[in-house]
Chemist: 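If you scroll down you'll find the structure; I have some questions about it.
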Amino acid sequence: MLDLQFIRDNADCVKTAMVNKGIGDGALVDELLRADEERRSLISATQETQTESNAAAKAIGALMKEGRKDEAQEAIAKSSKLKERLKDLEDTQKQAQERVEALLLEIPNVPHESVPVGRTPEENEIAFEWGTFPSFDFEAIPHWEILDHHSMADFDRGSKVTGAGFPFYTNEGAKLQRALINFFLDEAVAAGYMEIQAPLVVNEDSARGTGQLPDKEDLMYEAQRDGLYMIPTAEVPLTNLHRDEIFAEDALPIRYCGYTPCFRREAGSYGKDVRGLNRLHQFDKVELVHFVRPEDSYDALEQLREHAEQLLQKLELPYRRLLMCTGDMGFTQAKKYDLEVWSAAQKLWLEVSSISNFESFQARRMMIRYRAEGEKKPRIIHTLNGSGLALPRIVAALLENHQQADGSILLPEALQRYFGADRVGATG
RNA sequence: GGAGGGGUGGCGGAGCCUGGUUGAACGCACCGGUCUUGAAAACCGGCAUACCUUUACGGGUAUCGUGGGUUCGAAUCCCACCCCCUCCGCCA
C-alpha cells in the first residue's frame with residue numbers, strides 16, 4: 001500500500017497511475033481523501049474527550065488517596081457521562097479508520113517513470129533478445145511428446161492421484177528437476193544470496209503482507225480448517241520473514257534465495273496453452289528476494305534481472321526480456337521485467353521469470369523498516385523479487401531447443417555435471 | 001492429545017495476588033557530554049512505535065502477545081484466541 005501522506009500530497013500523480021494501470025478512473029483517490037479527512041477530525045474529537053476523561057480519572061485517584069470520598073463520588077458520576085460520549089466517538093472513529101484502510105488497499109502502486117504507458121501485453125517493450133532459434137533438419141517435437149517418449153513425466157496418473165496440472169516426474173524427468181534446482185540454488189549462493197528453506201503454507205497475515213489477500217484469494221489453495229494458505233510462490237514466506245522488523249542500516253542489503261514448490265489454482269485458465277508443462281497447479285521454482293535501502297532498489301532490480309538472465313544464458317536458451325507496460329504489470333509493482341524463453345516446437349515465448357521492484361509498497365504493509373544512520377525515525381525499506389527460475393517451462397524449453405535427431409536431448413554444459421550425464425535419453 | 005508454567009521497552013528483568021501520576025523500577029547494551037595525553041573507570045544526560053495536532057518549540061492519544069469485557073480508572077481483574085516452555089502420550 002502507498003503512504004497516505006504521499007497520496008495526500010500527490011493525488012493527481014496517483015490518479016494518473018491508476019488510469020495508466022487500467023484500474024479505475026482515480027475517483028477512488030478522492031473518496032479516500034474524503035474518508036481520511038473524516039477520520040482525522042474524528043480522531044481529534046475522540047482524543048480530546050479521552051484527554052478529559054483521563055484527567056478526570058487521575059483526579060479521582062488523587063481524591064480517593066486523600067480520603068475525600070464525597071468529592072470522589074461526585075467526580076465519578078460526572079466521569080460516567082463522559083464515558084458514554086467517548087464510546088460513541090470511538091466506534092465511529094474506528095469505522096472511519098477501517099474505511100480508510102480498506103480504500104488504501106485498493107490503491108495500486110505508482111509505476112516508475114521509466115515504465116512505458118500502455119494497456120495491453122502488446123505494448124510491453126521488448127527490451128533485449130539473446131540467442132538464436134535452433135534450426136532442425138527434422139520436425140521439432142513438442143516437449144510433452146518428448147517427456148512421454150523418455151518416460152520423464154506421467155500426466156495421466158497425476159490426474160488420477162490428484163488432478164489435472166499435478167504431474168508426476170519420473171526417471172530422468174525427476175532427475176532433471178533435481179539437477180535444475182541444485183543448479184539454480186548453487187548459482188544464487190555463488191552470487192551472494194543466502195539459501196533459505198521456507199514453510200510451504202502461510203497464515204492469513206502473511207498472505208496479506210505480500211498482497212495475495214484481499215482480492216487474489218482465488219489464486220491460492222486454502223487449508224480452511226487451519227486458516228492457512230499454500231504458497232503460490234516463495235516470495236510470500238521469504239518476504240514475510242522480516243514482517244514487523246526494524247533493521248540497522250548496515251544489515252542491508254539482505255538477499256535470499258529459496259527453492260519451493262508453488263501452488264496455484266489458476267482458476268478459469270483451462271483451454272489453449274495449457275498443454276504439457278506450460279501451465280501447472282504445482283510447479284517448482286527458485287525465488288530470489290532483496291531487502292534494500294530505498295536509494296538502492298533500482299540498482300538491485302538490474303542486478304536481479306542480470307542474475308536471472310545469466311542463468312538462461314548458461315542454459316543456452318534463446319530468450320527475450322520484456323519491460324512491462326503500466327497496464328500489464330500488476331497492482332503492487334513499480335517496475336517489472338519478464339523473461340521469456342523460446343519454445344522451439346510450440347513456436348511461442350514462455351514466461352520463466354518475473355522480476356519486480358515493489359519499492360515500499362509491500363514493505364509498508366508489512367512494516368519492514370530500517371534505521372538510517374543518525375536518523376531517529378525508521379524508514380520503510382524497499383523489497384524486490386524475481387524468479388531464478390521457474391522449472392517447468394525451462395524443462396519444456398530445454399527439451400524442445402536441445403533435441404537431437406536421434407531423439408536424445410543434449411544438455412547445456414552448465415547442467416551436465418548436475419545431471420550426471422551430457423544428455424537425456426542417451427539410450428534412445 | 002493430556003497436565004502445568006509463561007508471554008512486559010534492543011536484551012535481561014521487576015510490577016500482576018492487594019486496579020489509581022507506571023509508557024512502565026532496576027541492570028545491560030547503545031548514543032551524547034564531563035573528566036583524561038588517549039582509553040577505561042566514574043559521573044551527568046539521552047535512549048520504543050504508530051497516529052492526531054502545531055509554521056516551529058511543543059502538546060495530545062494509543063500500545064505491557066492479540067481481540068473483547070468489567071471499572072471513573074487496567075500491564076494489574078474476567079472471557080476468547082494466538083504463541084512459547086516443561087512433563088506425559090503419540091509419531092516421521
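Computed from a prediction, not measured in an experiment: that's the story for all the values here. Proteins come first, then strands; the chains are lettered A, B, ... in the order of their sequence lines, and each starts at number 1.
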Chemist: Strictly under 6.0 Å, is that where the ring centroids of A:Tyr256 and A:His242 end up?
Modeler: yes

Chemist: How close or far is atom C1' of B:A74 from atom NZ of A:Lys58, stated in whole angstroms?
Modeler: 14 Å

Chemist: In terms of side-chain geometry, is the basic nitrogen of A:Arg321 or A:Glu306 positioned less than 4.0 Å from the acidic oxygen of its partner?
Modeler: no

Chemist: Kindly indicate whether the side chain of A:Phe247, heavy atoms from C-beta on, has any atom under 4.5 Å from the side chain of A:Arg293.
Modeler: no

Chemist: Quick check on the 6.0 Å ring-centre criterion: do A:Phe184 and A:His307 meet it?
Modeler: no

Chemist: Just compare B:C72, B:A48, B:C51 and give me whichever is closest to any side-chain atom of A:Lys377.
Modeler: B:C51

Chemist: Please report, rounded to the nearest Å, how far the C1' atom of B:C51 is from the CD atom of A:Gln97.
Modeler: 8 Å

Chemist: What is the distance from CE of A:Met367 to P of B:U49, rounded to the nearest Å?
Modeler: 10 Å

Chemist: Using atom CD1 of A:Ile60 as one end and atom P of B:G73 as the other, report the distance to the nearest whole Å.
Modeler: 8 Å

Chemist: Determine, for nucleotides 52-68 of chain B in 5'-to-3' order, which nucleotides have protein heavy atoms under 4.0 Å from the base (write B), from only the sugar-phosphate (write S), or from neither (write -).
Modeler: BS------BBS-----S

Chemist: Starting at CD1 of A:Ile246 and ending at P of B:C47, how long is that distance when rounded to a whole Å?
Modeler: 16 Å

Chemist: Provide the Watson-Crick or G-U wobble partner of B:A74, both distances under 3.5 Å; none if there is no partner.
Modeler: none

Chemist: A:Leu86 CG to B:U71 P: how many Å, rounded?
Modeler: 14 Å

Chemist: Do A:Val292 and A:Ile381 have side-chain heavy atoms sitting under 4.5 Å apart?
Modeler: no

Chemist: Under 4.0 Å between a side-chain N/O of A:Arg369 and OP1 or OP2 of B:A48, yes or no?
Modeler: no

Chemist: At under 4.0 Å between heavy atoms, what does A:Lys78 touch on the DNA or RNA strands: base, sugar-phosphate, or nothing?
Modeler: nothing

Chemist: Could you say whether A:Met64 or A:Ile76 is positioned toward the 5' end of RNA chain B, judged by the nucleotide with the nearest heavy atom to each?
Modeler: A:Met64

Chemist: Paired with B:A80: which nucleotide, if any, by Watson-Crick or G-U wobble criteria at under 3.5 Å for both distances?
Modeler: B:U66

Chemist: Hunt down the Watson-Crick or G-U wobble partner of B:G32, both distances under 3.5 Å, from any strand shown, or write none.
Modeler: B:C44

Chemist: Can you measure A:Leu63 atom CG to B:G19 atom P for me and round it to whole angstrom units?
Modeler: 19 Å

Chemist: Just checking, any donor-acceptor pair under 3.5 angstrom between side chains of A:Tyr337 and A:Glu125?
Modeler: no

Chemist: Could you identify the nucleotide paired to B:U61, looking across every strand shown and requiring Watson-Crick or G-U wobble geometry with both distances under 3.5 Å?
Modeler: B:A50

Chemist: Testing A:His382, A:Glu235, A:Arg243, A:Gln333 one by one against A:Gln362 for a side-chain hydrogen bond (donor to acceptor under 3.5 Å, both in side chains), which residue passes?
Modeler: A:Glu235

Chemist: Could you give the CD-to-C1' distance, from A:Gln93 to B:A50, as a whole number of Å?
Modeler: 13 Å

Chemist: Using the C1' atom as the reference point in each nucleotide, state the distance between B:G32 and B:G13 in Å, no decimals.
Modeler: 26 Å

